[in-house]
Every structure is written in structure tokens, then in C-alpha cells.
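Remember, it's 1-based here, ligands and their atoms both numbered in the order they're listed. Residue numbers count from 1 along this sequence.
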Amino acid sequence: MTTYNIPLRLKRLRKTPMARAMVCETRLHPQQFIAPLFISETLQAKREITTMPGQFQLTLDCLPAEIATISALGIPAVLLFGIPAHKDAQGSASLTADGIIQQAIRKIRSINPKLLIIADVCFCEYTDHGHCGVLHGETIDNDATLTLLGKQAVSYADAGADWIAPSSMTDGMVAAIRQALDDANHHDIAILSYAVKYSSSFYGPFREAAQGAPQFGDRKTYQMDPANAQEAVREAALDLDEGADMLMVKPAMNYLDVILRIKQHFPQVPLCAYQVSGEYSMLKLAAAQGLINEEQAMLESLIAIKRAGADMIISYFAKDVAKLLGNNGKLMQLTT
Ligand code: PBG
């Protein structure tokens, strides 16, 4: 038999689980995850979201158990979405101290004072037309929306939120929110900007979860075109100039190149990626059909997001992955 003179046999480092663990370049840890929560003002009991198996709309009464679970798993942060009892043209239910998110923030703070509470700041869940700001005719009035975004952010900060995460893709939103927070003496509240948010069909399942689908038209006039990557760098640079403490790319799996690009342009800025509802439900439904292994597919998708350059990940799998990572023996088996 011929012996080939192969200069290097990389299989040597893949031979055993121990060797693979030593040369593993990307690791997941529960502390890199943010768990999204949907809190309803109208439900009497928690309700499973049919488009997102395993995810629930919660009531305020569910929070003690949910926060205890999240905390026990070592997940440091939650991202809050509210489903209000009343919607109007201005989204005024998001601006009052007794709004559903304000109540949820105070309650979570009383259950676990240390948990990092991130409030999503947007109007689509609170307006009767379902767009992410106030309208002038059929288009969003950008600058009128800025004033209201500042008010919503201050109201969440007053309630006790740690980070404000504006997701409306309103031009100038970070500067307006920073100014409003500073004017209200909230200098220490950080802004995690949804700087790079694409107009994506992968938000589909979220519509049932947060009940904020636009009643007419779409979001293409304010969210980014999936074809554009250079523009993502412009968006990120602008938000940093306006005072964003952290950046986000959303969705994640179809935009790994964008995550990498943003990390390479701004290596010093903490970067978050949002694995959105469609990414989650696609994996869940494929696994339910027996097409893929749920745990392995979940890990592979999250490792890909991390490998691309995300420092933290918002994912509906947060609890599942934290559970799995807490069990090292099992993880070892999974990677064999
Ligand atoms: C609202 C908002 C959306 C998501 C997060 N915040 C919906 C949208 O912009 O259409 C999507 C999250 C998901 O799909 O998991 N501005």
C-alpha cells in the first residue's frame, strides 16, 4: 500500500471528544443569553403562542415562577414585550406608569433585584395601526415619533429598566432617547440599539406573540432591505455617533455576514444578535417532524451566531440552551 506524504493530517485533532473540546474555537455560555418575554395585560392565565411552540404570553402573575426559572439557569437578562389592553393612534398605553411593561419591570425587580431588565422600545404593539411610530397620513412621522420614543424610554427607566432597546428604526432614535434619558437624570441607563434591523419575513411568528402586525402596508420604508450590507455599517456608525452603548443585528441566521462585518468594523463595541421568531419556529417545527435533531440544530445555530461575532444572543432557545449547557456531560456526548 502506498504511504502518502500528507503534510498535515487535521483529523488528528478530531479523534476524540477530549481533543475536539481542546481545539474548540467557539463556546456558548448561559451568561451570553437574553430571554425574550411577552407579557399580556388582558390574559387571565398564560397562553402558548401557537406559531412559536414552547413560548408563552405571560401574565404578571406568571412572573415569579418564570423569573425564578430564568435566574436558576444562570441567564442574566430578559427582554420585555408588552401586549396592552388598549391600543390607539399614539400608542399611549406604553407611556404611563401603570402600563403593562412598567408594571412588569417593577414586579421583576422585586422578584430578582439583580436580573438585567431590557425594555424593547417601540410602538407597534401599542398603536391601533400596528406601525412602529405615529403616522402622518400613511407614513410614519419620524420626528414626532422621536419625542414619543424618548417618553416611552424614560417611563421604562423610571420603572426600573436597566437597558433600553429601541427597535423602531426611527432615524435619530438613539440621540433622542439618550437626550430624554439624560434630561430625566437617567445617565446610567444603557442603550442597546437595534441599529441593523432588516425588513424580514422571519418576524412572521412574532405577529401572534406580540400582536403588533401592521394593519396596512409593510415596514419596508423604515426597516432595512435584506440585500444591503454596506448600509448596515452606516446604520451602526450613526447609532454609535448618537450614543449607542451596544449594537444589534436582527435577524441572525440569514445575516451572519452582517454580524461579522459589524464586528470587524467596530470590534470594541459589544454586539448583540437576535435569533428571531421565524428562526426559532423553523427549527422547532422541523424537529417536531423528525427532520432534524432539535438540540443539535439549536446548538449549531447558536454557535454559528457566536462564531460570526455576536457577544450576546437574544433567543427563544435561551432557557433550553442554558439547561443543556448546565449539563457538561451531556454536552460532551452531543459533540461526539
Ligand atoms: C417590533 C419588533 C419586532 C420584533 C422585535 N421587535 C417585529 C417587527 O419589527 O416586525 C421581531 C422579533 C421576532 O420575530 O422574534 N418593532
Side-chain angles (χ1 to χ4, degrees), residues 33-39 49-57 77-84 87 91 93-94 100-101 118-135 140 142 145-146 148-149 152-153 156 163-171 173-174 177 191-226 235 248-255 272-285 298 301-302 305 310 313-319:
F33 286 90
I34 298 166
L37 297 180
F38 300 101
I39 300 139
I49 300 159
T50 56
T51 53
M52 299 173 70
Q55 299 298 310
F56 292 82
Q57 288 179 335
V78 289
L79 172 67
L80 306 183
F81 295 101
I83 305 133
K87 301 187 186 217
S94 68
I100 182 65
I101 288 302
I118 310 174
D120 184 272
V121 165
C122 195
F123 282 99
C124 56
E125 295 127 61
Y126 301 93
T127 50
D128 48 15
H129 46 73
H131 281 284
C132 300
V134 282
L135 296 181
I140 289 195
N142 191 84
T145 300
L146 289 178
L148 292 168
L149 286 171
Q152 191 184 114
Y156 293 159
W163 293 0
I164 294 299
S167 65
S168 60
M169 290 297 280
T170 313
D171 285 328
M173 68 184 183
V174 174
I177 288 172
I191 298 176
L192 166 57
S193 179
Y194 285 73
V196 181
K197 179 171 175 180
Y198 287 92
S199 174
S200 171
S201 58
F202 289 83
Y203 305 149
F206 184 88
R207 295 182 165 200
E208 186 200 319
Q211 289 160 9
Q215 296 305 300
F216 63 87
D218 53 41
R219 300 199 164 121
K220 288 193 169 61
T221 57
Y222 43 104
Q223 297 179 347
M224 282 182 58
D225 182 342
E235 281 283 4
M248 194 194 304
V249 172
K250 175 186 172 186
M253 287 158 71
N254 285 351
Y255 299 87
C272 181
Y274 196 146
Q275 186 183 47
V276 301
S277 57
E279 304 178 59
Y280 169 83
S281 297
M282 240 179 3
L283 296 180
K284 287 296 268 194
L285 295 184
M298 169 186 76
S301 70
L302 295 169
I305 295 165
I313 304 176
I314 302 167
S315 173
Y316 302 99
F317 285 119
K319 285 195 290 183

Residues in side-chain contact (heavy atoms from CB on, under 4.5 Å) contact with L285, at least two apart in sequence or another chain: P53
Looking only at heavy atoms, what is the nearest atom pair of D120 and S167, with distance? OD1-OG, 3.1 Å
Expected rows: ligand 1 N/O, protein N/O, dist below 3.5 Å:
{"residue": "ligand 1", "atom": "6 (N)", "partner": "K250", "partner atom": "NZ", "Å": "3.2"}
{"residue": "ligand 1", "atom": "9 (O)", "partner": "K197", "partner atom": "NZ", "Å": "2.7"}
{"residue": "ligand 1", "atom": "9 (O)", "partner": "Q223", "partner atom": "NE2", "Å": "2.9"}
{"residue": "ligand 1", "atom": "10 (O)", "partner": "R219", "partner atom": "NH1", "Å": "2.5"}
{"residue": "ligand 1", "atom": "14 (O)", "partner": "S277", "partner atom": "N", "Å": "3.3"}
{"residue": "ligand 1", "atom": "14 (O)", "partner": "S277", "partner atom": "OG", "Å": "2.7"}
{"residue": "ligand 1", "atom": "15 (O)", "partner": "S277", "partner atom": "N", "Å": "2.7"}
{"residue": "ligand 1", "atom": "15 (O)", "partner": "Y316", "partner atom": "OH", "Å": "2.5"}
{"residue": "ligand 1", "atom": "16 (N)", "partner": "S167", "partner atom": "OG", "Å": "3.2"}
{"residue": "ligand 1", "atom": "16 (N)", "partner": "K197", "partner atom": "NZ", "Å": "2.9"}

Keeping E279 on the side-chain end and F202 on the backbone end, is there a donor-acceptor pair under 3.5 Å? no
Can you check whether Y198 and Y274 have ring centres sitting under 6.0 Å from each other? no
List for me each residue that meets side-chain hydrogen bond (donor to acceptor under 3.5 Å, both in side chains) alongside S193, sequence neighbours excluded, and say none if there are none. D239
Would you please name every residue forming a side-chain hydrogen bond (donor to acceptor under 3.5 Å, both in side chains) with T50, sequence neighbours left out? E208
